[in-house]
Amino acid sequence: MSDTANRPVGRRTFVLGSAAAAGTAALAGPLAPSASAAGFGWSDDGSHYVVDTGASLVFKVSKTNGDLTSLVYKGTEYQGYGGKNSHVESGLGTSTVTVGQSGSTILISVAYGTLKHYYAARSGENNVYLWTNKADDSVSATRYIVRVRAGLFLNDEPDSYTYTTSTVEASDVFAKSDGQTRSKHYSKLRVIDYDCVGWSTGSVGLYVVRSNHEKASGGPFYRSLLRHQSADGGGLYEILYYGENQTEAQRFGLQGPYVIAFTDGGAPSSSLFHANLTTPWADSLGISGYVPASGRGKVAGVGITGRNTAFPYTVGLANSAAQYWGSARSSDGWFSIGGVLPGTYTLTVYKGELAVYTGSVAVTAGGTTTLNTLAIPSSNDPGNASAIWRIGEWNGTPSGFKNADLMTYAHPSDVRAASWTGNVVVGSGTETSAFPCYLWKDVNSGIVVYFRLTAAQAAAAHTLRIGVTTAYANGRPQISVNDWTSSIPSPPSQPSTRSLTVGSYRGNNHTFTYSVPASAWLTDTSQYNVLKINVVSGSGTTSFLSAGTSIDAIDLLA
């Protein structure tokens with residue numbers, strides 16, 4: 001089987017066809033119990049509620065704790081490994097579990113303290129629809145994990161545990177015998193990049209279709225684990241709140257639907273994807289916290305000016321209760337974001353992943369808030385500043401720097417990584433590709449950049465800027481230029497967990513500025529000035545877990 005067939009499915013755009021509307025009649029009245037029947041229906045075997053979708057899928061939910069204990073598709077059991085079930089977090093414990101049926105829908109409700117979780121099945125579909133309503137932090141993080149038996153889907157992708165491995169870091173990053181690294185953290189993808197994640201044998205596909213993440217945290221560019229596979233079995237995740245390299249506070253409320261979907265090998269129907277998925281059939285089910293389409297609004301913008309058309313732009317909406325985002329059209333910056341809960345939101349325009357505009361917008365139920373053209377002030381984009389030289393692009397990511405792409409799906413020690421050391425010469429044409437995307441105190445601190453100045457440039461003071469996208473253990477850059485040394489900058493607010501070694505550069509973008517006096521420059525313009533960048537911090541340990549930071553761009557302003 002090829003590796004390609006088992007990669008996470010990337011984000012796609014689909015036109016919603018008439019088939020998506022099939023079977024969406026509203027349900028009348030509360031759910032009523034139903035006796036077991038041939039085909040679609042549910043039964044009680046004493047320990048579980050057993051649901052037959054009337055297609056090729058039969059699943060069981062524990063009456064004790066709400067675990068999903070069985071997923072039988074076309075006669076094959078897919079659920080479970082290591083004696084563990086599929087469930088919220090690592091299992092909820094003793095819960096109140098109820099079931100009901102109305103027409104073509106079966107709903108199983110799970111109540112565990114203040115947390116409520118739901119499973120729904122639709123007649124004739126090989127899907128399980130899920131919602132999770134987390135009202136507070138009594139359950140620490142929030143994920144749903146679908147545990148899959150070993151041997152059914154085989155892959156050797158970055159997010160797998162290879163079967164003959166040694167531990168590289170902690171207990172969750174591994175090295176193969178050939179030096180390549182593997183970890184469940186190495187998904188390659190940001191939330192905005194994917195609609196579903198799963199595996200395919202070519203004839204059977206098993207996927208989790210993500211929700212719109214309106215109650216998740218971290219924004220459109222957040223990265224978290226999506227799946228894993230090891231000798232014991234595999235796991236598919238819907239991460240509703242994940243604390244690793246997290247930049248936002250946790251949000252509470254109903255999240256979903258997200259979907260466990262079986263297919264004949266291909267990706268799930270686009271009608272299931274979060275951008276298109278509407279569930280009017282769920283409007284009357286009594287799901288706690290559920291807000292139908294009629295209770296939501298839309299934000300539409302006629303355009304965005306002041307863009308650099310070489311970069312993609314994203315518009316995000318966020319407040320303490322919810323988050324949403326949408327892409328701005330490349331031709332004129334038009335955007336539309338629908339399905340938004342009523343409220344007042346901070347609107348942010350991102351160039352790549354760098355915020356270049358913020359404003360406020362109010363959303364009302366059933367209404368469309370139309371915005372006039374948004375104008376990005378020139379000064380908001382650091383890439384607009386006149387620079388004597390620049391390494392990298394101001395886009396809020398380390399893209400283009402040495403090893404940048406690899407670091408979203410490999411450990412820095414991976415054999416495929418180019419050397420983390422080496423000096424850089426401005427004007428060589430390889431400044432960006434030769435400069436490492438990450439700097440660590442114990443690995444490559446003290447990297448040197450050589451550059452020349454004209455006589456006029458050397459006669460004046462200049463500002464040097466270093467943009468970063470995250471930091472580990474308060475790592476931040478202190479610079480020296482020839483014989484002049486800057487003060488040690490204060491550390492900006494950054495996530496406190498691992499980041500650079502688990503596939504994520506996404507923290508809080510920050511720009512360090514250094515006022516370099518004219519006396520620092522060499523007066524002999526035939527000579528190279530020497531810029532040295534050191535990583536300083538009183539925290540961190542050693543090697544790739546020493547204090548470090550991720551680079552966005554470096555420039556010397558005119």
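Residues: numbered from 1 along the sequence shown.
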Original post:
Mind checking whether Tyr313 and Phe335 have ring centres under 6.0 Å apart?
Top reply: no

Subject >> is_close_aromatic(His411, Phe174), centroid dist under 6.0 Å >> reply: no

Enumerate, atom names and distances included, each donor-acceptor pair closer than 3.5 Å involving a side-chain atom of residues 420-436, sequence neighbours excluded.
from	atom 1	to	atom 2	distance (Å)
Trp420	NE1	Pro412	O	2.9
Thr421	OG1	Ser419	OG	3.0
Ser428	OG	Val425	O	2.8
Ser428	OG	Thr430	N	3.2
Ser428	OG	Thr430	OG1	3.1
Glu431	OE1	Gly429	N	3.2
Glu431	OE2	Gly427	N	2.5
Thr432	OG1	Gly392	N	2.9
Ser433	OG	Thr430	O	3.4

Subject >> Within 6.0 angstrom of Gln255 CD, more than 12 heavy atoms from elsewhere >> reply: yes

Original post:
Do Arg476 and Gln478 have side-chain atoms, one donor and one acceptor, less than 3.5 Å apart?
Top reply: no

Original post:
Would you find more than 12 non-hydrogen atoms of other residues, nucleotides or ligands less than 6.0 Å from Asn372 atom CG?
Top reply: no

Original post:
Taking the inter-plane angle between the rings of Tyr438 and Trp440 on a 0 to 90° scale, is it parallel (under 30°), tilted (30 to 60°) or perpendicular (over 60°)?
Top reply: perpendicular

**OP:** Decide side-chain contact (heavy atoms from CB on, under 4.5 Å) for Val502 and Glu244; before the verdict, give the C-alpha distance in whole Å, the side-chain angles of both, and the deciding distance to 0.1 Å.
**Re:** CA-CA 9 Å; Val502 289; Glu244 190 139 294; 3.4 Å; yes

**OP:** Look at the aromatic rings of Trp389 and Phe451 and report parallel, tilted or perpendicular, splitting at 30° and 60°.
**Re:** tilted

Original post:
Any salt bridge (Lys or Arg N to Asp or Glu O under 4.0 Å) pairs touching residues 407-430, not counting sequence neighbours?
Top reply: Asp414-Arg416

**OP:** Just jot down the side chain to side chain contact (heavy atoms under 4.5 Å, CB included) partners of Thr513, sequence neighbours excluded, or say none.
**Re:** Thr463, Arg465, Thr511

**OP:** Return yes when atom NZ of Lys298 has more than 12 non-hydrogen atoms of other residues, nucleotides or ligands closer than 6.0 Å, and no otherwise.
**Re:** no

